[in-house]
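Worksheet: the structure to be examined is printed underneath.
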Amino acid sequence: MLMRDQGKLLFITLQDRTDAIQLFVSKSVIGDNAFDTMTTLDLGDWLGVTGNIMTTRKGELSVKVSVAQLLAKAVRPMPDKWHGLTDTEVRYRQRYADLIVNEDSRRVFAIRHEIIASFRRTLHSQGFIEVETPVLHVEAGGAHARPFVTHHNALDMTLYLRIALELHLKRLIVGGMERVYEIGRVFRNEGISTRHNPEFTMMELYQAFGDYSEVMTLAEHLIVTAATEATGSTWVDIDGVEVDLAKPWRRVRMIDLIEEATGVAVHPSHPREKLATLAAQHGITVDSRWGTGKIIEELFEVTAEAKLREPTFVTGHPVEISPLARVDRNDPFLTERFELFVGGRELANGYSELNDPIEQRARFQEEQAAKDAGNLEAGTVDEDYLRALEYGMPPTGGLGIGMDRVTMLLARAQSVRDVMLFPTLRPEDFGS
RNA sequence: GCGCCUUUAGCUCAGCUGGUAGAGCAACGGACUUUUAAUCCGCAGGUCCUGGGUUCGAGCCCCAGAGGGCGCACCA
């Protein structure tokens, strides 16, 4: 609440999560004692009132207070009522204070909620079942990332916080659930930036009898629908330019984007020496362990990725960098995979799932070999997952969307910390 | 991990060539019966992020450290 004291009259702005209303408090109405108590109220106190609706002379809809009750006292001084709270560190550490004071902060988290609710409605309407899978993993698979490591005392075993939802959800496709999704936290033990927080929220879905093309269509539908339902518009700001998400999104192969950018046609089947030379010309230090697929990915990241302002599905990732994706039915060196880029940022990733247990084992073994050679992000052989595939997984399309980044886009936030209620920070020093 | 920037009252910020710390709002005391962050008068409020150093004297200069921001790296 915020008070304007006028002697024998008080004007108080009372605010809750939905709106604000003015209170009109007259000394002659509530009596001297009650009035004196009211004048001791402070900015931020929680107040309950009863009274009649009235309009003041200036036309402000108000509650003419007959009874008021202090519900809770704000003992700590509120931030400045005009300038608000702008110190980013305090806004992130003391989100409660930020939310009390900054309407824009409340707006961002309202949008975040509406986006997630919209996703759930869309998926529900298309027959997807929401599930929950383990956060504590015996092996951290489904993505290339360094995991957080923890320990279970009673079982005396090492456990990893999940880096992806993928492998458990596909076990459920094997189990015949056909359309499943999970919206959940994943953890990656890596750097922090305006686009990265160690824990973040992913939505992953798997659709039996689908493929990467159908899943791209679904990704587009999910995000455009969420934009409309959460913000009332399909327009977003990308690097200062207004872009309409409703315009159909381009689909283009990674190797074609590299050719656009460099003027040189590339393909994972080309001689490694040729690709390594091209990469070096673009300032890439080529690691001796990289195959042609990894070099192509690096070329894409350096020459093309940052230019992808408008929503773009980049497709056809090399097999080498896509251990869980099915090989392209028309090109044995590429996969039926895509990543969605908006404003130069990756928002989503998906593919036609690899469902051949023999080929999957071979891919896992390559991952394991890379890990043994010192690649900390490489995967391992997940025997239970292979056993699941041996029971038979139907052709399946899979999709993962970074919910925080979608929220950044739709809420027009500049940092991922602005769309997470409690971003990861170093611990605060409270003295001793 | 590297670079740049930043840290002064509860909040938002000033603080000159090094001379002993300020404003507005909030708080506190008082006046006011139709105000819209913003009436008027008065009063109080400080580990100038921390620790060293230079100096007669440091918020300011130097060194080291801490928190935060941004960029790079990392993040398929």
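Labels below follow one simple rule: chain letters A, B, ... track the order of the sequence lines, proteins then strands, and each chain is numbered from 1. As the structure is a prediction and not an experimental result, all values here were calculated from the model.
Residues passing the side-chain contact (heavy atoms from CB on, under 4.5 Å) test with A:Pro357 are A:Leu389, A:Glu390, sequence neighbours excluded. Taking A:Thr158 as the reference, A:Val149, A:Tyr160 meet the side-chain contact (heavy atoms from CB on, under 4.5 Å) condition, with sequence neighbours excluded. Take A:Glu60 and apply the side-chain contact (heavy atoms from CB on, under 4.5 Å) test, not counting sequence neighbours, and it matches A:Gln22, A:Thr56, A:Ser62.
Closest to the side chain of A:Leu425, out of B:rA27, B:rG69, B:rU12, is B:rG69. Side-chain proximity of A:Ser193 to B:rC28, B:rG68, B:rA73: nearest is B:rA73. Taking only side-chain atoms of A:Glu89, from C-beta outward, the nucleotide of B:rC13, B:rC70, B:rG67 with the closest atom is B:rG67.
In this structure, the CD atom of A:Glu190 is 17 Å from the P atom of B:rC72, given to the nearest Å. Following rounding to the nearest Å, A:Ile192 (CD1) and B:rC2 (P) show an atom-to-atom distance of 16 Å.
Summary of the strand contacts: A:Pro427 and A:Glu298 both lie near RNA chain B, and taking for each the nucleotide with the nearest heavy atom, the more 5' one is attributed to A:Pro427.
Residue A:Arg93 places at least one side-chain N or O closer than 4.0 Å to OP1 or OP2 of B:rG68. Considering only side-chain N and O atoms, A:Arg417 lies under 4.0 angstrom from the phosphate OP1 or OP2 of B:rG69. A close approach under 4.0 Å does not occur between any side-chain nitrogen or oxygen of A:Arg195 and OP1 or OP2 of B:rA73. The side chain of A:Thr194 contributes no N or O atom lying less than 4.0 Å from OP1 or OP2 of B:rG69.
Closest heavy-atom contact between A:Ile100 and A:Gln15: O-NE2, 4.2 Å.
Nucleotides B:rC49 and B:rA44 are separated by 25 Å at their P atoms, to the nearest Å. Rounded to whole Å, the C1' atom of B:rA38 lies 41 Å from the corresponding atom of B:rG57. B:rU6 and B:rC13: their C1' atoms are spaced 14 Å apart (whole Å). For the P atom pair drawn from B:rG15 and B:rA9, the interatomic distance equals 15 Å after rounding to whole Å.
Pairing analysis of RNA chain B (Watson-Crick: purine N1 to pyrimidine N3 plus N6-O4 or O6-N4; G-U wobble: N1-O2 and O6-N3; both under 3.5 Å) yields stems of 3 or more pairs at B:1-7 with B:66-72, B:10-13 with B:22-25, B:28-31 with B:39-42, B:49-53 with B:61-65.
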For nucleotides 36-42 of chain B, print each protein N/O atom paired with a nucleotide N/O atom at under 3.5 Å, atom names and distance only.
| unit_1 | atom_1 | unit_2 | atom_2 | d |
| --- | --- | --- | --- | --- |
| B:rU36 | N3 | A:Glu60 | OE1 | 3.4 |
| B:rA37 | O2' | A:Lys81 | NZ | 3.0 |
| B:rA38 | OP1 | A:Lys81 | NZ | 3.2 |

Check: protein-nucleotides 7-10 of chain B nitrogen or oxygen pairs below 3.5 Å:
none

